[in-house]
2 protein chains.
Amino acid sequence: MAVTAEQIVTAAIHHLNSHPTASMAELAEAAGVSRATLHRHFSSRDDLLVALGRRALERWEQVQDALDLTSAAQESDPARLAATLRDLLVNLVDMADEHGFALTDPAMEVDPDLLRKLEELEGREMALFAAAQRAGVLRAELPVRWVGNAVYGLLVAVRESLRRGDVARRDATGLLVDTFLKGMGR
Amino acid sequence: MAVTAEQIVTAAIHHLNSHPTASMAELAEAAGVSRATLHRHFSSRDDLLVALGRRALERWEQVQDALDLTSAAQESDPARLAATLRDLLVNLVDMADEHGFALTDPAMEVDPDLLRKLEELEGREMALFAAAQRAGVLRAELPVRWVGNAVYGLLVAVRESLRRGDVARRDATGLLVDTFLKGMGR
DNA sequence: ATGGTTTGAGACATATATGTCGCAAAAGAT
DNA sequence: ATCTTTTGCGACATATATGTCTCAAACCAT
């Protein structure tokens, strides 16, 4: 098999990052594949979009699993929690860079399965934030959901900064972590 | 004239906030107007979208003008700069709430005029951020463009929080300002 | 080399949103 | 009350993306 479904998804993600409204024909071309072949792998456009979303969520889950997020959320040692938090952000920058468009594309909110998974992953992450708040790593007076959404927003900022060339890839991680923890005021 | 173009734009913005991919027919209905009348005001969908973008940028400009942003950026008094900064954020929350979808919709980046205006307004805002950095109100070690993008990202977070009902409208402003200045770490 | 599989190219049908038009009804002005 | 303007409705034409299908060529395993 010359070009696998996985590769198509990858190519589609990359292309959609710079051309969010690309047609199937464009995406086929971006994957170096005919339109017919594209349809052999994904029967409809929605099908493909869902696959992209699934991929993005998979990646995200891998990040969480690699950090053993669920057990980390049971932790109470501030130092360890802070480290986990930092690691999480570092990896999320990669996510934002690679799967950027999935952050804001409305198509990600149509499939119920995707939505469930999204909420599950969000939930795990918020558990970590909550633990960090209890341990005094994060400010406890902020609603956890706000913390979660703010992280999401800052990732959008990272993506935008990289897309526009405002920030070097090397600097992005540091800026995110730093801004997340300390804000921008003096 | 029963329904003005302005009103149509307003209705369209509101509808698009919850239905980002709405068709012309839907938008006509949302405005309480026939499809034909909608086309009498806006010859094409792009036309309408550009009008929406223009409206959003107008509001943004009004915010900047009301705060006399350009002269405020010449200021060197930390207290005044901090106050202006706060006022700006307060008003931007309104923007994000009303014109939310314009924050992330790709259609906003197609029209050259819109893009120019956007960059102009962004420029003015960054001048303020830069002044605040010089006056020690904002941390000077952060690239101004990152500051600008981070504010944008946090506005996306605000919008998302409100849309999902995670945060009460009354609390949004405080959370944004607070998070912007102090971050989320302890 | 050969047989089975996958692919690309193009034709084809379809659906859906878009944009236009004409005309009768409603609204508004004087 | 009448004249003018605006609106809604439905028909119409169009464009464009989508999804399906066929068949010959390329590919691949053995």
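Proteins get letters first, then strands, A, B, ... in listed order; numbering begins at 1 in each. The basis for the numbers below is simple: all heavy atoms, side chains too, and nothing from hydrogens, waters or symmetry mates.
Separating the CZ atom of B:Arg40 from the P atom of D:dT7 is a distance of 7 Å, rounded to the nearest angstrom. When rounded to the nearest whole Å, the span between NE2 of B:His41 and C1' of C:dT20 equals 16 Å. In this structure, CG of A:Leu49 is placed 14 Å from C1' of D:dA17, rounded to the nearest angstrom. The NE2-C1' distance, from A:His39 to C:dC12, rounds to 14 Å in whole Å. Atom P of nucleotide D:dT18 and atom CG of A:Leu38 are separated by 10 Å, given to the nearest angstrom. We find that CZ of B:Phe42 is positioned 15 Å from P of C:dT18, with the value rounded to whole Å.
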Cut-off 3.5 Å, no hydrogens considered: what does the side-chain donor-acceptor table look like for residues 82-94 of chain B, sequence neighbours left out?
residue: B:Thr84; atom: OG1; partner: B:Arg80; partner atom: O; Å: 2.9
residue: B:Asn91; atom: ND2; partner: B:Asp87; partner atom: O; Å: 2.9
residue: B:Asp94; atom: OD1; partner: B:Arg169; partner atom: NH2; Å: 2.4

Pairs under 3.5 angstrom only: tabulate donor-acceptor contacts from the side chains of residues 174-186 of chain A to other protein residues two or more places apart or in another chain.
residue: A:Asp178; atom: OD1; partner: A:Lys182; partner atom: NZ; Å: 3.3
residue: A:Asp178; atom: OD1; partner: B:Arg139; partner atom: NH2; Å: 3.2
residue: A:Asp178; atom: OD2; partner: B:Arg139; partner atom: NH1; Å: 3.1
residue: A:Asp178; atom: OD2; partner: B:Arg139; partner atom: NH2; Å: 2.2
residue: A:Thr179; atom: OG1; partner: A:Leu175; partner atom: O; Å: 2.7
residue: A:Thr179; atom: OG1; partner: B:Trp146; partner atom: NE1; Å: 2.8

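Checking D:dT18, C:dT7, D:dG8 against every side-chain atom of A:Thr37, the shortest atom distance belongs to C:dT7. Listed nucleotides D:dG8, C:dT18, D:dG19 differ in distance to A:Arg45; the shortest reach to its side chain belongs to D:dG19.
Within the structure, no pair that satisfies the salt bridge (Lys or Arg N to Asp or Glu O under 4.0 Å) test touches residues 7-26 of chain A, not counting sequence neighbours. Residue pairs that meet the salt bridge (Lys or Arg N to Asp or Glu O under 4.0 Å) test with at least one member in residues 28-45 of chain A, sequence neighbours left out, do not exist here. Among pairs with a residue in residues 3-23 of chain B, those fulfilling ring pair (Phe, Tyr, Trp, His ring centres under 6.0 Å) read B:His15-B:His19, at least two apart in sequence or across chains.
Heavy-atom minimum distance, A:Gly53 versus A:Leu114: CA-CD2, 3.9 Å.
Within a 6.0 Å sphere centred on CZ of B:Arg170, heavy atoms belonging to other residues, nucleotides or ligands number 12 at most. Heavy-atom contacts from other residues, nucleotides or ligands closer than 6.0 Å to CZ of A:Arg145 number 12 or fewer.
Not counting sequence neighbours, the partners of A:Asp65 by the salt bridge (charged side-chain N to carboxylate O under 4.0 Å, His left out) test are A:Arg124. Qualifying side chain to side chain contact (heavy atoms under 4.5 Å, CB included) partners for B:Asp113, counting only residues two or more places apart in sequence or in other chains: B:Asp111, B:Arg116. Every residue was checked against the side-chain hydrogen bond (donor to acceptor under 3.5 Å, both in side chains) condition with B:Ser23, not counting sequence neighbours, and none meets it.
Taking the charged nitrogens against the carboxylate oxygens, B:Arg163 and A:Glu109 do have a contact shorter than 4.0 Å, which makes a salt bridge. Of the charged side-chain nitrogens involved, none lies within less than 4.0 Å of a carboxylate oxygen, so that B:Glu58 and B:Lys117 do not count as a salt-bridged pair.
Residues from residues 10-32 of chain A placing a heavy atom under 4.0 Å of any atom in DNA chain D, listed by number, are A:Ser23, A:Met24.
One axis for each end of the helix from C:dA1-D:dT30 to C:dT30-D:dA1, each built from five base pairs, and the angle between them comes to 40° at 10° resolution.
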Which pairs, protein N/O on one side and nucleotides 3-5 of chain D N/O on the other, fall under 3.5 Å?
none

**Request:** Using a 4.0 Å heavy-atom cut-off, write out nucleotides 10-15 of chain D from 5' to 3' as B (base contacted by protein), S (sugar-phosphate only) or - (no contact).
**Result:** -B----
